[in-house]
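Below you'll find the structure, written out as structure tokens, and then a few comments.
Convention: sequence-line order gives letters A, B, ...; per-chain numbering from 1.
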Protein chains: 2
Amino acid sequence: MPPAHSPSSPGSPNSAAPQGTSIVGSTNDTIDTLDGRLIRLLAEEPRIGVLECSRRLQVARGTVQARLDRLQAKGVIGGFGPEVDPAAIGYPVTAFATLEISQGQGSDVRAHLAGVPEVLELHTITGIGDMMVRIVARSNADLQRVIDRVVGFDGIVRSSTAIVLENPVPYRILPLVDQAAAE
Amino acid sequence: MPPAHSPSSPGSPNSAAPQGTSIVGSTNDTIDTLDGRLIRLLAEEPRIGVLECSRRLQVARGTVQARLDRLQAKGVIGGFGPEVDPAAIGYPVTAFATLEISQGQGSDVRAHLAGVPEVLELHTITGIGDMMVRIVARSNADLQRVIDRVVGFDGIVRSSTAIVLENPVPYRILPLVDQAAAE
DNA sequence: TCCTCCGGTGGGCATTCTGTACAGCGGTGC
DNA sequence: GCACCGCTGTACAGAATGCCCACCGGAGGA
């Protein structure tokens with residue numbers, strides 16, 4: 001493939017017609033369709049670079065670069081870190097634990113939980129419990145050890161655990177991105 | 001910076017001494033320390049390429065390339081998709097809903113939930129409920145709409161929702177990677 | 001109404017990285 | 001003892017990146 005771009009109209013150098021969507025208020029609002037297509041493209045084939053994106057999206061390279069910079073600056077795209085599968089590194093068991101915390105012990109408990117590698121995620125929630133953690137373990141037996149370590153801390157009054165059996169819909173964001181882009 | 005690599009010992013071309021860890025059984029088991037350092041490096045600075053990795057890790061470029069290929073082939077690294085923040089695209093409210101399903105309706109319910117963009121994740125679990133979904137919404141008011149759409153389906157008998165107030169520990173995997181690498 | 005700003009386009013440049021190949025070394029296991 | 005596998009340097013052509021420019025055209029303010 002030659003390094004040429006792929007000018008649809010080779011003769012006329014300029015045919016500036018904003019793609020994606022009218023820019024209207026794209027600066028402060030969410031994302032437009034071009035952003036959506038770009039995110040989808042990168043999500044599906046992360047290995048392609050900016051130049052390839054511009055080819056697929058039929059826009060100028062500078063546009064893709066600018067959009068990417070803007071998306072990262074706005075915090076829409078946090079990064080491109082590798083997605084590591086816990087199961088593949090020896091932690092095939094996932095569980096959600098709901099924790100009840102005694103008054104005023106919140107920050108201590110958070111610090112404690114943040115120090116446990118098997119705790120992948122921690123939320124404070126409304127409802128029955130006060131906190132919800134996502135934990136992983138090497139096996140069901142190992143899960144016992146992890147739970148003991150997680151709840152073995154002053155300030156955690158009660159806890160209940162739900163083991164994940166299946167994961168019919170793994171974490172995804174693309175459908176939401178499409179919806180946001182089509183706003 | 002000149003295109004020269006950075007040979008520590010310019011004279012002697014070969015000083016092969018396996019880094020990371022003795023390879024022992026690295027092929028079938030999990031990951032070694034070199035893998036761990038590589039993943040951490042990529043997670044922290046995803047934009048750097050293979051060459052830069054090899055410089056930081058003080059190993060040959062081919063090694064980094066081989067490790068990366070292997071990690072991807074083994075499924076340890078799933079991809080390098082952009083991490084999109086739902087809050088940044090207009091969905092700042094997160095909630096977890098526990099669903100109780102009537103017998104035999106499982107697969108229908110899954111299909112239904114998979115069709116809802118606001119459903120980011122779906123698990124089948126042990127315990128009180130049968131399923132657990134992670135959902136997002138544009139606002140607390142909008143959450144009502146989303147919940148109605150989620151549970152408005154034959155086969156879902158009961159549901160309870162917990163709104164996420166705070167997220168003291170956002171999803172992370174690095175501490176676990178370190179632990180697995182130090183096995 | 002005119003003017004400025006901003007985002008998009010197309011092009012060009014030097015630098016850098018990638019993909020791929022090669023031979024050699026050394027530890028592991030048969 | 002020998003073959004295998006992983007790591008090391010090295011090399012090369014092709015491709016992509018980062019950064020520059022001039023220009024166009026719509027939106028919004030003066």
Note: Asp32(A)-Arg37(A) ion pair, threshold 4.0 Å (strictly below): no
Whole angstroms only, please: what is the CG-C1' distance between Leu34(A) and dG8(C)? 10 Å
Run the side-chain donor-acceptor check on residues 169-177 of chain A: report pairs under 3.5 Å with partners two or more places apart or on a different chain.
unit_1, atom_1, unit_2, atom_2, d
Arg172(A), NE, Val119(B), O, 2.8
Arg172(A), NH1, Ala114(B), O, 2.7
Arg172(A), NH2, Ala114(B), O, 3.2
Arg172(A), NH2, Val116(B), O, 2.6
Arg172(A), NH2, Val119(B), O, 2.8

To the nearest Å, give me how far apart CG (Leu68(B)) and C1' (dG19(C)) are. 14 Å
Thr63(B) side chain, from C-beta outward: closest of dT18(C), dT8(D), dG8(C): dT8(D)
Using a strict cut-off of less than 4.0 Å between a Lys/Arg side-chain nitrogen and an Asp/Glu carboxylate oxygen, indicate whether Arg110(A) and Glu166(B) qualify as a salt bridge. yes
Find the distance Glu45(B):CD to dC17(C):P and express it as a whole number of Å. 14 Å
By side chain to side chain contact (heavy atoms under 4.5 Å, CB included) - contacts of Arg145(B) (at least two apart): Glu118(B), Asp142(B)
dT18(C), dT17(D), dA16(D): which one has an atom nearest the side-chain heavy atoms of Leu51(B)? dT18(C)
Measure from CG on Asp69(B) to C1' on dC7(D) and round the result to the nearest Å. 15 Å
Heavy atoms of Gly75(A) and Asp85(B) approach each other most closely as O-CB, 3.5 Å
Separation of dC7(D) atom P from Asp35(B) atom CG, nearest Å, is 9 Å
Using rotation axes that map the C1' atoms of four end pairs onto the next four (five pairs an end), what angle separates the end axes of the helix from dT1(C)-dA30(D) to dC30(C)-dG1(D), to 10°? 40°
Listing, residues 146-156 of chain B side-chain donor-acceptor contacts under 3.5 Å, not counting sequence neighbours, or none:
unit_1, atom_1, unit_2, atom_2, d
Asp148(B), OD1, Gln144(B), NE2, 3.0

Which donor-acceptor pairs under 3.5 Å do the side chains of residues 95-108 of chain B make with protein atoms, sequence neighbours left out?
unit_1, atom_1, unit_2, atom_2, d
Glu100(B), OE1, Arg158(B), NE, 3.4
Glu100(B), OE1, Arg158(B), NH2, 3.4
Glu100(B), OE2, Arg158(B), NH2, 3.1

For Glu52(B), is there an ion pair with Arg61(B) - N to carboxylate O distance below 4.0 angstrom? no
Quick test: give all pairs of protein nitrogen or oxygen and nucleotides 20-22 of chain C nitrogen or oxygen below 3.5 Å, distance rounded to 0.1 Å.
unit_1, atom_1, unit_2, atom_2, d
dT20(C), O4, Arg61(B), NH2, 2.8

